[in-house]
A.B. asks: 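For reference, the structure I am asking about is given below.
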Amino acid sequence: MSDDIDEKNPAEDRDDAAHSVEKLRLVLASGLDPDRILSDLRGYWDGLRKGRAVPDRADVEPQGIRGALDYAFILERIAPGAARFRLAGRHLVDLMGMEVRGMPVCSLLNPDSRGRFSDVLETVFKGPQIAELSLKSASGYGRPALSAKMLFLPLRSDLGDVTRALGCIICGGQIGRAPRRFDLVGDAIMPVIDGARPLPPNASGFDEDPTPWRPPLLQRPVTRPLRDDETPEERRARFRIITRDTSD
């Protein structure tokens, strides 16, 4: 072994180490593979199922998603088509420029995309099923064009209902000036059980069939139907005055 390394100044070693770490960060940032991270997260979720259709929220541990932790989040369903962040990684904080816990997930979307986004999100809980979204953020002052992929994986709450979701969002490119908001440009849904039919992401698929309207039932049948040619006097003659019997 050469003695040159032993003769280095410790301060120089620290500088070299810092430079190496920074170089590694740059390599990782430039070589980010969103598909691989999404695939790893979905594989982790699938491993938690253990024969079940949907795993429990309590099964998710940070150690299991260490490679995707900065991009991951946990959602809580709060209304049909609406959910809020319960936990969120650093990437989401950088995108929004603020802490996002407690915020609605639709705050990431531009208003024109929120309707479709909510429809897709509701199918994740109601199906339950998996959803993968493609997002775009237009360029602007201090904001370069940005593309992103988003994944939703359903989870059961402590009560056993599917009102939680493990998610992930990964952007390719520089974030620029926060907050960044996106347009939904594509979505794909997949049932959690192979061969099952996916629930279509449209508002009509969320509600039960409306009850058909029926005319109100009258207390007694109409013995003499109205005629179009009746005079006002004839119509008034149909009225009956009902009085309360006070003889008792």
Side-chain angles (χ1 to χ4, degrees), residues 28-42 45 65 67-127 129-155 164-190 198-203 205-206:
L28 291 175
S30 61
L32 184 67
D33 186 354
D35 291 332
R36 181 185 61 79
I37 294 178
L38 266 61
S39 178
D40 288 348
L41 188 65
R42 183 171 174 179
W45 174 86
I65 55 174
L69 195 59
D70 283 345
Y71 309 96
F73 54 81
I74 297 288
L75 293 181
E76 176 189 15
R77 182 182 184 268
I78 55 176
R84 65 179 178 178
F85 292 109
R86 292 293 298 266
L87 296 171
R90 184 67 196 176
H91 190 57
L92 261 171
V93 176
D94 292 341
L95 279 172
M96 298 302 291
M98 65 185 80
E99 177 58 62
V100 300
R101 280 186 294 181
M103 291 177 58
V105 64
C106 67
S107 60
L108 285 169
L109 280 292
N110 289 316
D112 290 345
S113 293
R114 290 178 183 176
R116 176 68 178 183
F117 178 83
S118 294
D119 292 346
V120 174
L121 179 62
E122 180 63 9
T123 69
V124 174
F125 299 112
K126 188 165 185 180
Q129 58 193 15
I130 301 165
E132 186 172 328
L133 311 180
S134 296
L135 309 173
K136 293 282 187 182
S137 182
S139 61
Y141 178 74
R143 295 186 175 109
L146 198 60
S147 61
K149 289 191 174 183
M150 204 170 193
L151 179 67
F152 295 119
L153 303 162
L155 298 170
R164 303 291 189 271
L166 173 63
C168 184
I169 182 170
I170 308 174
C171 297
Q174 296 294 323
I175 293 176
R177 189 162 58 95
R180 300 302 303 265
R181 289 187 170 84
F182 297 86
D183 293 313
L184 176 59
V185 296
D187 56 74
I189 54 174
M190 294 142 280
L199 180 68
N202 53 63
F206 303 149

A.B. asks: Report yes or no: does Trp45 contribute a side-chain atom to a donor-acceptor pair with the main-chain N or O of Pro154 at less than 3.5 Å?
C.D. replies: yes

A.B. asks: Apply the test side chain to side chain contact (heavy atoms under 4.5 Å, CB included) to residues Asp35 and Lys149: give CA-CA distance (whole Å), side-chain angles for both, the deciding distance (0.1 Å), then the verdict.
C.D. replies: CA-CA 8 Å; Asp35 291 332; Lys149 289 191 174 183; 2.6 Å; yes

A.B. asks: Working to the nearest 0.5 angstrom, can you tell me the gap between Arg114 CZ and Asp183 CG?
C.D. replies: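 So the gap between those two atoms works out to 11.0 Å.
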
A.B. asks: When rounded to the nearest 0.5 angstrom, what distance separates OG in Ser137 from CG in Asn110?
C.D. replies: 7.0 Å

A.B. asks: Can any side-chain N or O of Gln174 pair as donor or acceptor with the backbone N or O of Pro144 at less than 3.5 Å?
C.D. replies: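 No: the side chain of Gln174 does not pair with the backbone of Pro144.
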
A.B. asks: From Ile130 CD1 over to Leu166 CG, what is the distance, rounded to the nearest 0.5 angstrom?
C.D. replies: 10.5 Å

A.B. asks: To the nearest 0.5 Å, what is the distance between CG on Asp70 and CD1 on Ile65?
C.D. replies: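 The CD1 atom of Ile65 is 10.0 Å from CG of Asp70, to the nearest 0.5 Å.
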
A.B. asks: Restricting to non-hydrogen atoms, name the atom on Leu95 and the atom on Ala178 that form the minimum distance, rounded to 0.1 Å.
C.D. replies: O-CB, 3.6 Å

A.B. asks: Using modelled atom types only, decide if a donor and an acceptor are shared between the side chain of Arg143 and the backbone of Arg180 within a distance under 3.5 Å.
C.D. replies: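 No, because the side chain of Arg143 does not come within donor-acceptor range (under 3.5 Å) of the backbone of Arg180.
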
A.B. asks: Decide side chain to side chain contact (heavy atoms under 4.5 Å, CB included) for Leu108 and Met103; before the verdict, give the C-alpha distance in whole Å, the side-chain angles of both, and the deciding distance to 0.1 Å.
C.D. replies: CA-CA 10 Å; Leu108 285 169; Met103 291 177 58; over 6 Å; no

A.B. asks: Could you name each residue pair satisfying salt bridge (charged side-chain N to carboxylate O under 4.0 Å, His left out) that touches residues 99-113, not counting sequence neighbours?
C.D. replies: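 Found Glu99-Arg101.
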
A.B. asks: CG of Asp94 to OH of Tyr71: how many Å apart, nearest 0.5 Å?
C.D. replies: 9.5 Å

A.B. asks: Yes or no on side chain to side chain contact (heavy atoms under 4.5 Å, CB included) for Leu135 and Val185, after CA distance, side-chain angles and deciding distance?
C.D. replies: CA-CA 6 Å; Leu135 309 173; Val185 296; 5.7 Å; no

A.B. asks: List the residues meeting salt bridge (Lys or Arg N to Asp or Glu O under 4.0 Å) with Arg116, not counting sequence neighbours, and say none if there are none.
C.D. replies: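 Here the qualifying residues are Asp187.
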
A.B. asks: Heavy-atom distance under 4.5 Å between the side chains of Leu121 and Leu75, does that happen here?
C.D. replies: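 Yes, close enough: below the 4.5 Å cut-off.
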
A.B. asks: Return the set of residues passing salt bridge (Lys or Arg N to Asp or Glu O under 4.0 Å) with Arg84 (not counting sequence neighbours), or none when no residue passes.
C.D. replies: Glu76

A.B. asks: Calculate, to the nearest 0.5 Å, the distance between atoms CE and CG belonging to Met150 and Leu38 respectively.
C.D. replies: 10.5 Å

A.B. asks: Of the non-hydrogen atoms in Leu184 and Ser134, which two are nearest, and what is the gap between them?
C.D. replies: CD1-O, 3.6 Å

